[in-house]
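The chains referred to below are lettered A, B, ... by the order of the sequence lines, with proteins before strands, and numbering in each begins at 1.
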Amino acid sequence: MIRTRFAPSPTGYLHIGGVRTALFNWLFARRHAGSFVLRIDDTDQERNIDAALQPILDGFRWLGIDWDEGPEVGGDHGPYFQSQRGEIHRAAVDALLESGAAYRDYSTTEEIRVEREEAQTKGRPFVYSRRFMAETETDCKRFEAEGRRGLVRLKMPREGVCRFVDLVRGPVEFDWAREQDHVIQRPDGTCLYHLASAVDDHEFAISHVIRAEEHLSNTPRHVFITESLGYELPEYAHLPYVAEPGSKNKLSKRKLGKYLKNPDFARLNEHGDRIAAAVGLQVAADSFNPVIVDFYREIGFLPEALLNYLLLLGWSLDDKTEFFSRQEMIDHFSLERVQRSPASFDPTKLWTFQEHHMEELEPDAKLGLVLPYLERAGLVGSPVDPEIRDQVAQIIVAAGDRIKAAGDILDYDEFFCVDDALDYDEKAFDKRIRKPPEARGLLLGVRERLAATPDFTTAALEEAVRNWVDETDIKLGQIIHALRVSVTGKPVGFGMFEILEILGRGRCLARIDRALARLDDTSE
RNA sequence: GGCGCGUUCGUCUAGGGGUCUAGGACGCCGGCCUCUCACGCCGGUAACACGGGUUCGAAUCCCGUACGCGCUACCA
C-alpha cells in the first residue's frame, strides 16, 4: 500500500513551493491507488492553530488536492496534529534511550558552542565529546546536583557510512562520523522535529517520504532514528525546490520585496491587486501575493492551471506534452522523471497555462466563474437578474480569450454602468473624437445607420456600417475608433459590432449622443 | 570550514556514448491577419559552466575546478 504525506506547519498561508511538494505526494499516491495523508507539524505550539490552519486547508480544497487522512477527515492513524502526539514521541525517545541509541546529556548550549568553535579553529569537523553524557542513573543525579538540566541526544554512529537510495537522485551516502548527536528531546520533555517526523512517518505507515531537497542532508538522522526503533525504512524522494523568478535561490515569502522588482512578477502582482481592489477585497501585501496560493484563487485562476504549471516545474513527461488534465497528471506521474535541479518560478509561463485551461472551459462554466466577481464588485445584483445574466454570457463569448482570469471580467465594467456614468479614457477621447475634424460628422452618420438598422445584431450591424462606409469615401477604421470610444469609453476592446449588439440600440444611441454633447461642450 | 546535492537557450525542459550541425514550450525580435486589443499563423534569436581524462566517437561515463543551493540549531 502506497502512502504519502504532506506535513505543513500552520503558518496561515499556503506557499506555492509547498503546494508543489504536496502535489507530487498527492499525484504519487493517486497514481498508485494509495493514500495521501495530511499531518500538521505544529510542534512549536502555536497559539492559534485553527486560524492558521484554515487557509491551508482551504487552499488544498480549492486546488482539489484531497487528503484521505488528516484534519477534518480523521483516519485510523490519528491524531494528525503533532502537538497531540507528544506521548507517542516520548515513548519513542524512551525506547531509544533504552536501546542505547540515545542518551541523556547535561551539557549547556554554551559548552557545546565552545566545543564547536574549538573544533572549527583547529580545522576539524565538530563532533560532540559527549563529556556530559549520562549513561546511568547516578550520572544523571550527579549532573543534576550541579544544577544541570538534562535533554536527550541521539547517539550517532561514529564510523561507517549511511547509504540509501533516493528515488529522485539515486544512491546517496553520508559518513556517519559527520553527523551530530542531535537533540531529540528538550529538558521540558517536548520533542524536536526530526524525532517527531521519523516516528510519525512510521506511525502513519508512510511508504514514500517525498519532500523538499533541503531534507536530503537530514535523512541520515531519520534513517538512524527509524532503524534504531526497529522500524522499516520508507522510500525517500527529495524534490528540488522551487526557486525565485530569474534566480536559483529558494522561493521564500520573506523576499517578496525583491521579487516585486522582477517585471513579470510585479505585473502578476498588480493584476491581482487590481482585481482585489475592484471587488473591495482587503488585502495585505504579505498575505496576498503570487507566492501564496490564495492569491490565485482570489483573482480567478483555475486550479487546474496552477497545478499544471506546478507539475511541470521539476517534472516532465516527454519532450512535447505541456498540458495535462487532472486525470492525465495522475495517469502519468512518476518520481523517475522528477528533475534533480531547482526550477525557478516564471509568472509569465504560469499565464500560458491559465489561458490554455480557460480556453478549454465551456461558456457556461466560465459564466459561473465570472458572475461572483461582478456581484462582489456590485456591477450586477445578487442574485443576478436573468436578463443581465444572458448579457454576461454574451460578453464572455465576445470577449473570448481576453478574459484570462475570471476576475478579468471586471475590465468590462462599461457594460454594467448607466450611460450617463460612463468614464472616458481621456487620451482616447482626444485622439479619436476631439482631434479628427471629421469625427463629429462620422458619429452622426453612424448614429443614423444604427438608428435605422432594423435588426440590431452583430451581423446586420456590420453589414449596415460596411455598406455605408463603402458608399462614401471613408474608411472603416475612421469610424470604428470614434464609435468605440463613444460607446465604451475605451480605446481597446473586443469586436465593435458584438459590443453594439450586447449594449442594444437604446444604450448605443444614448452613448453616442452623450459623446457628441461632450465634444461640443469642451471644443468651444 | 566540513559534508551533501546540483549545473543544457533568458525561463521550463527533451536528451541517458554515435540518429545532436542539440528538439519542444514560454519569452523576445520580425512578418502576416485585423476595426483596436487579445488570439491565431509564419519566420528568426538563443544553451550542453570550465578543464582534464576514458573512447574510434561524449551534452551523455570518470576526475578536478568554479559557481549555486542545502545541512552542519534545545527551527521546521
Side-chain angles (χ1 to χ4, degrees), chain A residues 7-9 11 41-44 82 105 107-109 112-113 116 119-127 149 151-153 166 168-169 172-175 177-180 182-188 190-194 196-197 212-221 238 240-241 243 245-250 264 309 312-323 337 339-353 355 359 399-404 411 428 432 462 465-466 469 475-485 488 490-497 499:
Chain A
S9 293
T11 50
D41 274 11
D42 57 347
T43 49
D44 244 5
Q82 274 199 335
D105 182 67
S107 64
T108 63
T109 321
I112 294 286
R113 212 203 78 223
R116 194 195 320 273
Q120 242 161 47
T121 39
K122 285 182 183 161
R124 243 190 267 124
F126 167 70
V127 271
R149 299 244 287 153
L151 43 68
V152 179
R153 285 181 186 278
D166 186 283
V168 170
R169 279 146 222 283
V172 192
E173 50 177 74
F174 294 84
D175 281 341
R178 308 274 174 215
E179 294 296 313
Q180 305 300 325
H182 294 282
V183 175
I184 53 174
Q185 189 176 41
R186 299 185 180 94
D188 68 3
T190 56
C191 294
L192 277 88
Y193 170 75
H194 296 296
S197 181
E213 180 186 353
E214 62 203 85
H215 286 296
L216 184 60
S217 303
N218 294 331
T219 306
R221 294 169 224 178
H238 290 92
Y241 52 84
S247 123
K248 289 295 177 201
N249 294 332
K250 186 176 162 183
D264 297 334
Y309 173 70
L312 261 23
L313 211 52
W315 181 87
S316 65
L317 175 63
D318 52 31
D319 59 343
K320 41 181 68 79
T321 316
E322 299 277 342
F323 300 114
R337 294 200 60 87
Q339 192 77 14
R340 277 173 291 273
S341 49
S344 41
F345 176 72
D346 180 352
T348 306
K349 192 145 188 175
L350 209 198
W351 275 117
T352 305
F353 288 90
E355 287 175 42
E359 277 168 37
D401 48 38
R402 290 174 185 81
I403 297 174
K404 299 183 194 306
D411 288 341
R432 299 301 190 184
E462 177 152 12
V465 173
R466 281 192 191 274
V469 163
K475 291 209 170 69
L476 187 63
Q478 284 176 280
I479 181 58
I480 286 272
H481 298 300
L483 185 55
R484 180 185 300 281
V485 174
T488 69
K490 293 172 183 170
V492 298
F494 39 85
M496 194 62 244
F497 301 104
I499 293 175

Does A:Ser344 place a side-chain N or O at less than 4.0 Å from the phosphate oxygens OP1/OP2 of B:rC12? yes
Distance-only side-chain donor-acceptor flag, A:Thr488 / A:Arg484, under 3.5 Å: no
What interatomic distance, in whole Å, is found between C1' of B:rA59 and the corresponding atom of B:rU21? 14 Å
All N/O pairs under 3.5 Å across the protein-nucleotides 38-42 of chain B interface:
from	atom 1	to	atom 2	distance (Å)
B:rA38	O2'	A:Asp401	OD1	3.4
B:rA38	O2'	A:Lys404	NZ	3.3
B:rC39	O4'	A:Asp401	OD2	3.2
B:rC39	O2'	A:Asp401	OD2	2.9

What integer number of Å spans the C1' atoms of B:rA66 and B:rG52? 14 Å
Using the C1' atom as the reference point in each nucleotide, state the distance between B:rG10 and B:rA49 in Å, no decimals. 16 Å
With the threshold set at 4.0 Å, does a side-chain nitrogen-carboxylate oxygen contact exist between A:Glu214 and A:Lys250? yes
So A:His238, base contact, sugar-phosphate only, or nothing? Heavy-atom distance under 4.0 Å. nothing
Using a 4.0 Å heavy-atom cut-off, does A:Arg337 contact any base of the nucleic acid, only the sugar-phosphate backbone, or nothing at all? sugar-phosphate
Whole-Å C1' distance, B:rC75 and B:rG70: 15 Å
May I ask you to check whether A:Tyr193 and A:His182 place their ring centers less than 6.0 Å from one another? no
For B:rC20, give the paired nucleotide (Watson-Crick: N1-N3 plus N6-O4 or O6-N4; G-U: N1-O2 and O6-N3; both under 3.5 Å), or none. none
